[in-house]
Undergrad: 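I am attaching a structure below and will ask some questions about it afterwards.
Read the numbers this way: they start at 1 and go in the same order the structure lists the ligands and their atoms. Quick note: residue numbers are just sequence positions, from 1. A quick note: this is a predicted structure, and the numbers were derived from the prediction, not measured.
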Amino acid sequence: MTEPVAYSVTDRIAVLRVQNPPVNALSQAVRAGLDAGLARALADDGADAILILGDGRTFIAGADISEFGKPLAAPGLPDVVNRIEAAGKPVVAALHGTALGGGLEVALGAHYRVAVPGAKVGLPEVLLGILPGAGGTQRTPRLTGAEAALDMITTGKHISATEALRIGLIDAIEDGSPEEAGLRFTRRLLVEGAGPRPTRGIAPAPHDPALFDAWRAKVAAKTRGQIAPVTCVDAVEAAFTLPFDAGLKRERELFSGLMASPQREGLIHAFFIERKVGKLPEIAGVTPRDVAWIGVIGGGTMGAGIAAAALLNGLSVTLVEQTEAARGAAHARIAGILGDSVARGKLTEPARDTLLGDRLTCVTEYAALADADLVIEAAFEDMAVKKTIFTALDQHCKPGAILATNTSYLDINEIAAVTARPGDVIGLHFFSPAHVMRLLEVVVAEHTAPEVTATGFALAKRLKKVAVRAGVCDGFIGNRILASYRMAADHMVLEGATPYAIDAAMVDFGFAMGPFAVSDLAGLDIGWATRKRLAPLRHPNDRIAKFADMMCEEGWFGRKTGRGFYDYTDPKRPVPNPQVAAMIDADRAARGITPRAFTAEDIQRRYMAAMINEAAKVVGDGIAARPLDVDVTLLYGYGFPRWRGGPMKYADMRGLPSILADIEAFAQDDPHFWHPAPLLTDLVARGASFDSLNG
Ligand code: CAA
């Protein structure tokens with residue numbers, strides 16, 4: 001077994017090389033190895049200076065996150081960093097890859113920092129619900145001043161070596177491998193006779209005392225509901241109001257408080273599941289097909305968004321529309337999206353012109369798709385339309401081309417059956433706007449080949465999206481669960497809650513928007529069309545709200561028509577549409593309902609119970625492979641608050657018996673809607689959690 005920290009001496013410089021692949025995380029063994037290496041170097045008469053670097057692709061990417069929540073095994077990182085800082089010989093950290101979190105804190109404990117050109121540094125702890133707990137909040141501002149430290153620590157962003165040099169976080173950028181760069185820099189120090197330079201000895205720069213209150217207000221507004229970002233400001237403030245050791249102590253107290261918070265648990269769950277979601281036995285070791293050129297059928301909002309996402313990530317696109325006019329409109333739509341990227345500084349004008357001129361072709365002939373590697377159909381949601389398109393694709397596309405549909409609910413097995421290659425057919429369900437939203441449901445049909453599924457996942461990665469495997473059913477994972485909690489919201493309105501109280505309660509829970517505001521944004525005509533489509537399939541006891549139909553009949557389709565549940569006369573400040581209440585009253589009266597009061601907690605419990613119950617059915621039916629696939633879907637596609645980890649994690653943390661008890665209580669009044677999911681009942685009976693099914 002390789003040692004976690006290797007020791008060698010070159011040119012009288014002791015090199016401590018961290019070897020803990022893949023990211024040199026600071027496990028207990030690495031912390032102990034650094035401690036031992038430091039002691040050996042200090043005692044080594046053959047070493048005048050010490051160089052810390054990382055083996056492999058990166059310096060140290062932080063604490064070992066998998067140790068969080070477990071009892072801390074000595075030595076603790078703060079002690080290791082303090083001992084590095086107290087060293088009587090100069091200590092240099094040579095950074096490459098990503099020096100993050102505890103990794104950067106080790107470097108801040110060193111007396112000098114040199115980076116190779118591509119290196120990035122950051123203190124991303126806040127994104128995990130904690131703060132830099134090994135002196136990062138005390139040492140960073142001593143090097144950079146308050147503003148730059150607050151910016152790094154409250155956002156968790158990674159910054160380039162150039163930026164790190166500019167703000168004073170590192171001392172130099174040197175070419176070469178980390179070892180070459182580090183040795184060259186350290187030799188220079190020795191020639192200059194430079195000695196140890198502890199960061200703790202630097203006096204914090206003067207600052208405006210009002211700065212911290214201003215940052216607390218700014219951060220609280222931006223990260224509503226989260227405790228870590230504001231606590232980060234408190235910790236940095238301590239660097240300016242307390243002596244160094246007292247500041248460290250304060251940092252530790254704040255760190256421990258955050259470490260014990262459920263938000264930390266939720267955020268770390270999110271970190272691990274988004275890495276696990278693509279690990280599926282069915283595609284393990286399966287080589288995806290090469291995809292360089294994609295076809296898109298349909299240039300509406302969705303098709304244009306997909307085309308733009310592909311172009312922005314290095315693929316060539318041929319888009320097929322039905323008419324000359326539609327072809328032109330599609331081109332203009334894509335140009336508009338790329339223009340926004342230019343305006344936001346994400347794309348240069350010449351690059352945009354190359355994409356539009358050389359990489360994009362908009363045509364009206366399927367024959368132009370003959371050499372496409374993968375085609376995504378984003379046409380009208382109608383089975384007959386899809387079948388016609390897939391028949392044409394089957395005729396025109398080369399053997400081995402993947403034929404994908406972006407349908408949000410139609411039966412992909414039925415679509416695949418019109419082709420002679422059902423193994424090449426798959427669902428790739430993007431979320432609107434497709435060039436922005438990170439979620440991609442990869443819908444695996446009955447005959448989809450594993451290689452095709454693997455290609456779906458590889459394409460998602462290329463497009464910087466998070467792919468979730470889903471099975472075929474109406475709505476797949478996300479929209480099927482949405483249909484259920486949206487129905488629960490409508491029922492609450494019928495029973496007495498206002499749409500505005502429901503929106504407020506769910507925003508308070510942590511969603512960016514409530515369900516009625518979301519419906520207004522998506523367009524109320526979408527729900528109307530769904531209700532009409534599903535009407536023939538409904539059970540007589542299904543309670544389908546009529547007030548939404550009444551609104552649509554008035555032509556109120558939400559934001560795009562200026563009116564929906566809200567009135568958008570001032571688009572920045574929507575107010576409740578005053579005429580909606582009368583429609584709700586009429587709907588209640590027709591059902592003989594006497595409205596009753598709902599507290600915010602009542603609303604949240606019902607909404608979450610509906611979501612979790614349907615999610616448990618989705619897992620139980622095998623539509624989602626594991627509970628974590630549901631969590632990732634809701635986090636990336638439906639605005640679920642990341643700090644709660646996803647609905648299944650939330651359910652586990654609240655306790656499944658409590659969720660089941662709610663569902664059983666609601667079933668007393670409405671046994672037709674509220675049926676406990678068999679999986680949920682089973683887990684409660686066994687005293688198990690959703691997480692136990694995540695593998
Ligand atoms: N601890 C444990 N495992 C980690 C880890 C960490 N800090 N960082 C990454 N990993 C694991 C990942 O889970 C993944 O494991 P699998 O291969 O088993 O899935 C593997 O390392 C590779 O990670 P990625 O797939 O993310 O690789 P990447 O090249 O895309 O990204 C990275 C590399 C930028 C370092 C990214 O992994 C990352 O952002 N990691 C987290 C960094 C972080 O938040 N550090 C701060 C930790 S908190 C801290 O340090 C607090 C403190 O002071 C006490």
Undergrad: If you apply the rule salt bridge (charged side-chain N to carboxylate O under 4.0 Å, His left out), what do you find for R250 with E237, and how did you get there?
TA: CA-CA 10 Å; R250 176 85 181 121; E237 187 176 27; over 6 Å; no
Undergrad: For the residue pair Y636 and F431, is the inter-centroid distance of their aromatic rings smaller than 6.0 Å?
TA: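 No.
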Undergrad: Test the R275-F271 pair against the cation-pi criterion, namely NZ or CZ under 6.0 angstrom from the six-membered ring centroid and within 45° of the ring axis.
TA: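 Ring-cation test returns yes.
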Undergrad: Does the ring center of F240 lie less than 6.0 Å from the ring center of F212?
TA: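 Here the rings of F212 and F240 have centres that are less than 6.0 Å from each other.
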Undergrad: Below 4.5 Å, heavy atoms only, C-beta onward: do I202 and L143 meet side chain to side chain?
TA: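 SC-SC contact between I202 and L143 confirmed.
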Undergrad: When you look for protein heavy atoms under 4.0 Å from ligand 1, which residues do they belong to?
TA: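 Protein residues near ligand 1 are P22, V23, A25, R57, A61, G62, A63, D64, I65, F68, T98, L100, G101, G102, E105, P124, E125, L128, I130, G133, F271, F272, R275, K279.
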Undergrad: Using ring centroids (six-membered ring only for Trp), state whether F509 and Y650 fall under 6.0 Å.
TA: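 Here the rings of F509 and Y650 have centres that are less than 6.0 Å from each other.
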